[in-house]
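As a basis for the values below, the full set of heavy atoms in this structure was taken, side chains included, without hydrogen atoms, waters or symmetry mates. Since this is a predicted model, take the numbers as computed values, not measurements. Reminder, nothing fancy here: chain letters follow the sequence lines and each chain counts from 1.
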There are 2 protein chains.
Amino acid sequence: MRSKGFEGMACSIAAVMGAIGDRWALLIMRDLLLGIRRYDDLRQSSGVTNATLSDRLKLLTENGLVERRQYQTRPERFEYQPTEKGRDLNLLMQALVQIGDQWNLSSLEGPPLDFIDRRTGHGVKLMTVDRETSEPVERDQLGVRPGRGADALMTWRLSRGPERADALVIRSDRSQDAGPPPVPDDHSSASNP
Amino acid sequence: MRSKGFEGMACSIAAVMGAIGDRWALLIMRDLLLGIRRYDDLRQSSGVTNATLSDRLKLLTENGLVERRQYQTRPERFEYQPTEKGRDLNLLMQALVQIGDQWNLSSLEGPPLDFIDRRTGHGVKLMTVDRETSEPVERDQLGVRPGRGADALMTWRLSRGPERADALVIRSDRSQDAGPPPVPDDHSSASNP
DNA sequence: TGACTGACTCTAATTACCAGAGTTAGCTTT
DNA sequence: AAAGCTAACTCTGGTAATTAGAGTCAGTCA
């Protein structure tokens with residue numbers, strides 16, 4: 001298993017990264033989401049080696065992000081395509097591209113990849129909005145708090161975040177401030193989102 | 001270098017993942033963005049080993065995502081905090097959390113982490129909108145096209161994406177459809193966003 | 001017959017990762 | 001004064017994953 005502890009980790013961030021697997025798998029998902037379907041195309045596009053590509057496709061399939069379909073029988077030939085669940089990762093790709101653009105990693109010529117609205121042909125972006133009203137939320141108004149699924153470790157984590165201007169954390173009550181981390185060395189039995 | 005080719009890869013997705021490094025580094029960034037600052041807290045929170053934590057903090061610092069500050073002199077003590085550039089990764093964390101919630105990895109109890117607007121206390125979400133007008137864009141209207149920074153490899157990649165309902169790709173012109181991938185095995189000299 | 005395609009698997013060398021012990025420098029307790 | 005503690009690491013040895021590249025297999029095409 002790649003880097004043990006990621007699966008039972010009670011944090012969506014860890015869980016999603018765990019489901020993807022690693023950077024190679026993410027690149028492969030990128031290509032699949034862009035419409036590439038064949039093994040050899042995937043290999044050429046991502047530059048990954050055979051062993052790794054084969055392994056990652058297996059993992060992605062097991063994790064329900066990708067589906068393997070036979071498209072020809074005489075010599076058996078297969079292709080891969082993202083599942084509905086896998087297609088949710090488009091949001092991740094958009095975020096990654098947007099961050100890359102902010103960092104202007106694309107030098108000065110602009111982004112290599114441009115997400116658009118196909119109806120209008122206009123460029124799109126991700127915006128943080130109020131979950132109910134869809135009103136825009138400013139970047140410096142963003143905060144975090146433990147959700148209903150937060151476990152002891154997540155609560156501890158958030159309790160360590162001081163209320164600085166540059167920190168994201170918000171605490172409803174400033175309960176007991178210190179105390180050692182709960183479950184200090186047992187990550188295998190944790191269950192956070 | 002971890003997994004060689006990621007740096008000169010002309011794709012924002014690869015570039016951002018390359019700058020982060022790996023899953024451990026991402027978890028560390030998560031904790032830093034939540035306000036954790038001290039080495040030992042980071043270790044306990046993420047469950048990473050000393051060697052890996054130390055190495056990742058160094059890499060993140062080199063990549064300009066994290067800053068190492070001395071906060072005490074007599075015994076020299078250091079803390080870590082995200083830079084402005086590192087704080088851009090909040091978008092990534094939001095995307096990851098939102099995907100995790102969609103997958104309801106958090107079982108039934110809700111997400112462990114809840115992004116909010118600190119003014120109002122309301123929950124927030126990421127929405128795809130038109131870059132100029134900020135009008136919402138439906139999920140199935142999302143497309144991609146090569147940007148100005150696209151290199152030969154990116155263009156090839158997008159040319160392989162058939163115009164299926166489940167594919168994301170849009171092509172302005174349906175130029176030459178086939179042809180072998182350009183630069184088929186030279187990933188080190190590529191330069192796409 | 002010979003070349004070729006697609007989807008892999010195999011091998012050997014390199015590289016990364018893990019748990020856990022050890023280090024350094026000063027402070028605090030007995 | 002000796003023992004223990006804290007913070008921020010580094011080191012070690014063993015296990016596991018990754019790499020480049022060669023090889024395989026079933027069938028098609030010229």
Between the protein and nucleotides 22-26 of chain D, which nitrogen or oxygen pairs are less than 3.5 angstrom apart?
from   : atom 1 : to      : atom 2 : distance (Å)
D/dA22 : N6     : A/Asn50 : ND2    : 3.1

Taking any heavy-atom pair under 4.0 Å as a contact, classify B/Thr52: base, sugar-phosphate, or nothing.
sugar-phosphate
Applying salt bridge (Lys or Arg N to Asp or Glu O under 4.0 Å), name anything that partners B/Arg68, two or more places apart in sequence or on another chain.
none
Within the side chain of B/Arg157, is there an N or O that forms a donor-acceptor pair under 3.5 Å with the backbone of A/Ser45?
yes
Carboxylate-amine/guanidinium contact A/Arg139 B/Glu84, below 4.0 Å
yes
Would you call B/Asp22 and B/Arg56 a salt bridge, taking side-chain N to carboxylate O under 4.0 Å as the test?
yes
Whole-Å distance between C/dG6 P and A/Leu53 CG?
14 Å
Exercise: do B/Asp31 and B/Ser46 side chains pair donor with acceptor under 3.5 Å:
no
Starting from A/Tyr71, walk the hydrophobic network (Ile, Leu, Val, Met, Phe, Trp, Tyr; side-chain heavy atoms closer than 4.5 Å) and list everyone else you reach, by chain and number.
none
In chain order, what residues pass the side chain to side chain donor-acceptor pair (under 3.5 Å) check against B/Asn50, with sequence neighbours excluded?
B/Tyr39, B/Arg43
Counting only side-chain N and O atoms of A/Ser54, is one of them less than 4.0 Å from OP1 or OP2 of C/dC8?
no
What nucleic acid atoms does B/Phe78 come within less than 4.0 Å of, heavy atoms only: base, sugar-phosphate, or nothing?
sugar-phosphate
Would you please name every residue forming a side-chain contact (heavy atoms from CB on, under 4.5 Å) with A/Glu132, sequence neighbours left out?
A/Asp130
To the nearest 10 degrees, the angle between the two end axes of the helix from C/dT1-D/dA30 to C/dT30-D/dA1 (five pairs per end) comes to 10°
